[in-house]
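The structure under discussion appears below in the form of C-alpha cells.
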Amino acid sequence: MNTNCGLLVSRCSVEIAQKICGYLTVQDIVLYASTARQNYIAFHDYLGTKRLRDTIGPFVPNVPRFLSALRTHSSVVSGSVALHFFDPAGNWVPEDMDIYVPSERKKKMLRFLETIGYYVVERGRIVPPAYQGGCGFYSVTTVCNGSKNIDVITAIGKASIAPIFRFHLSAVMNFLSADSFFCAYPTLTTEKKAIYNKSSFVNGEPSPSTVQAYIKYAERGYTLRRSPTEFGGDIEGHRCRRSLLCPLTVRNNFDAGCMIVSLRGGLNQVIHTQSDRVVCKQAAWQLGDTHCKTGDKYGSTHAFAYVKD
C-alpha cells in the first residue's frame, strides 16, 4: 500500500479506518500520520477524539469537562489507563483509573469528582515514610461511582508527574494530560517489552506490591528484563550509558527517546516524537543497574528520578 497517497483514509470509510487504528499503538499512528497530510489530519483527529473518548469515557460522563478539570488542577492520568491509550489492542481493559495531582490540588480534584457522581470510599491511605521516596507520592484516596473506581494519588510537591518517573516498569512511564500524551519508552512499549525501574525499589529490593505489578504486566503479554540487551537483537549497536534505552543512561523528558503527541487543535499542533517544554515540567531519571551487558561491568549505578517543581 502506498501510504504517501493516504490510501487508507481515502479508500476506506471513517468507521473502517478507525477500526484499523484500534489495533495500532500511538507510535504506529504517529509514524503513519507522518506519511501524508490527509493521514495526519485523520489520525490526529482519531487520537484526540475517539481513542481519548474510548479510553477515559468509561470512567467519566463528560470527557471534555474532565479534561478541563485536569488542566485546571495541573493533574494527569497515568497507570493502566494511559498504557491502554497507547496500545488498546491487548486482551485486557483497565479496571480503575489513576489521577495524579499536586499536593495543593487534591481537595479541589476530589470536589470535582463528587460533582460527577463519585464518593470517597477510602480516604487518604498514607504511604509509609520509608516508601515515599521510592514512589514519589504520599497518599491515595479511592473514590467510587457504582462499579467504577478512581484513585486520586497525591504527589510529593507541586509536580503531578513526579511519581511517574519512579514507576516500577518502563512500560508504565506514560501519562495523559488535558492536552497531550507522553511516553518515555515508546519503542519498547510498542514491542511489549519493559525494563525494571530500580527507583521503585526499597533497600535494593522490589516491594511485594511491585512484584505483584510485575506479574500483572507479564500476564498482559509484556516481556520484562533488566536491560534491553537481554531482549536480543542489535546488542553490538548498544552503547552503555549512551543509548537511550540503556538503564545506565541518564534520561530527561526533552530527549529524543521520549514521545509527546498533542491531542488538541489541528495542523498548528504538530505531532512529533520529542518532548514539548510547554507540556512537561523538567524531569530527569535513571533506571539504574549494576551492569548493562556482558563484559561491561560497572560499580552499582543507583536509580534516581527528579522533577523540578
Side-chain angles (χ1 to χ4, degrees), residues 50-128 131-132 134-156 160-164 166-169 171-178 181-182 200 207-222:
K50 180 171 172 52
R51 181 170 289 192
L52 192 61
R53 183 175 63 248
D54 289 350
T55 304
I56 296 177
F59 298 95
V60 297
N62 187 316
V63 172
R65 186 183 173 201
F66 173 73
L67 294 177
S68 178
L70 286 184
R71 187 180 300 111
T72 298
H73 301 306
S74 304
S75 302
V76 297
V77 171
S78 192
S80 294
V81 168
L83 181 58
H84 198 256
F85 179 86
F86 182 86
D87 183 7
N91 58 355
W92 60 275
V93 294
E95 298 176 354
D96 52 27
M97 182 164 69
D98 296 338
I99 302 175
Y100 288 78
V101 301
S103 55
E104 74 274 13
R105 294 286 184 167
K106 171 186 171 182
K107 292 182 180 179
K108 292 181 179 180
M109 177 58 76
L110 288 174
R111 282 200 292 269
F112 165 75
L113 292 173
E114 288 174 357
T115 68
I116 60 173
Y118 281 87
Y119 59 91
V120 174
V121 293
E122 190 169 2
R123 185 177 296 278
R125 302 192 302 278
I126 304 299
V127 178
Y131 289 82
Q132 289 181 11
C135 65
F137 59 90
Y138 70 84
S139 74
V140 181
T141 299
T142 301
V143 297
C144 178
N145 183 355
S147 61
K148 297 172 288 188
N149 292 329
I150 293 177
D151 284 334
V152 178
I153 300 162
T154 309
I156 299 172
S160 60
I161 65 172
I164 292 163
R166 298 180 180 273
F167 282 174
H168 43 77
L169 289 170
V172 287
M173 294 173 66
N174 320 302
F175 66 81
L176 277 163
S177 71
F181 172 76
F182 172 89
S200 63
S207 67
S209 61
T210 297
V211 173
Q212 288 301 311
Y214 292 162
I215 294 171
K216 178 175 73 173
Y217 284 98
E219 290 175 344
R220 289 178 174 179
Y222 288 84

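Residues take their numbers from the sequence shown, with the count starting at 1.
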Less than 4.5 Å apart, any side-chain heavy atom of [X] and any of [Y]?
{"X": "I150", "Y": "N145", "result": "no"}
{"X": "V60", "Y": "M97", "result": "yes"}
{"X": "N62", "Y": "I116", "result": "no"}

Rounded to the nearest 0.5 Å, what's the gap from [atom1] on [X] to [atom2] on [Y]? Could you check?
{"X": "L110", "Y": "T154", "atom1": "CG", "atom2": "OG1", "answer": "7.5 Å"}
{"X": "R53", "Y": "L67", "atom1": "CZ", "atom2": "CG", "answer": "12.0 Å"}
{"X": "R166", "Y": "I156", "atom1": "CZ", "atom2": "CD1", "answer": "8.0 Å"}
{"X": "K148", "Y": "D96", "atom1": "NZ", "atom2": "CG", "answer": "13.0 Å"}
{"X": "S80", "Y": "N174", "atom1": "OG", "atom2": "CG", "answer": "10.5 Å"}
{"X": "N149", "Y": "Y118", "atom1": "CG", "atom2": "OH", "answer": "7.5 Å"}

Minimum heavy-atom distance [X]-[Y], with the two atoms named:
{"X": "F112", "Y": "R65", "value": "CE1-NE, 3.7 Å"}
{"X": "A171", "Y": "L83", "value": "O-CD1, 3.4 Å"}
{"X": "V76", "Y": "L70", "value": "N-CD2, 4.2 Å"}
{"X": "I99", "Y": "M109", "value": "CG2-CE, 4.3 Å"}
{"X": "V172", "Y": "I164", "value": "O-CG2, 4.5 Å"}
{"X": "S75", "Y": "V101", "value": "OG-CG1, 3.2 Å"}

**Asked** Once the angle between the rings of H168 and Y217 is folded into 0 to 90°, is it parallel (under 30°), tilted (30 to 60°) or perpendicular (over 60°)?
**Response** tilted
**Asked** Would you call the rings of H84 and W92 parallel, tilted or perpendicular if under 30° counts as parallel and over 60° as perpendicular?
**Response** perpendicular
**Prompt:** Under the 3.5 angstrom rule, does the side chain of S68 hit a backbone N or O of P64 as a donor-acceptor pair?
**Reply:** no
**Asked** Any donor-acceptor pair under 3.5 Å linking the side chain of S160 with the backbone of S74?
**Response** yes
**Verdict with reasoning, D98 to V81, per side chain to side chain contact (heavy atoms under 4.5 Å, CB included)** = CA-CA 7 Å; D98 296 338; V81 168; over 6 Å; no
**Message:** Before you tell me yes or no, could you show the steps for Y100 and F167 under ring pair (Phe, Tyr, Trp, His ring centres under 6.0 Å), namely the whole-Å CA-CA distance, both residues' side-chain angles and the distance that decides it to 0.1 Å?
**Reply:** CA-CA 13 Å; Y100 288 78; F167 282 174; 5.7 Å; yes
**Asked** Considering residues at least two apart in sequence or located in another chain, which fulfil the ring pair (Phe, Tyr, Trp, His ring centres under 6.0 Å) criterion with H73?
**Response** none
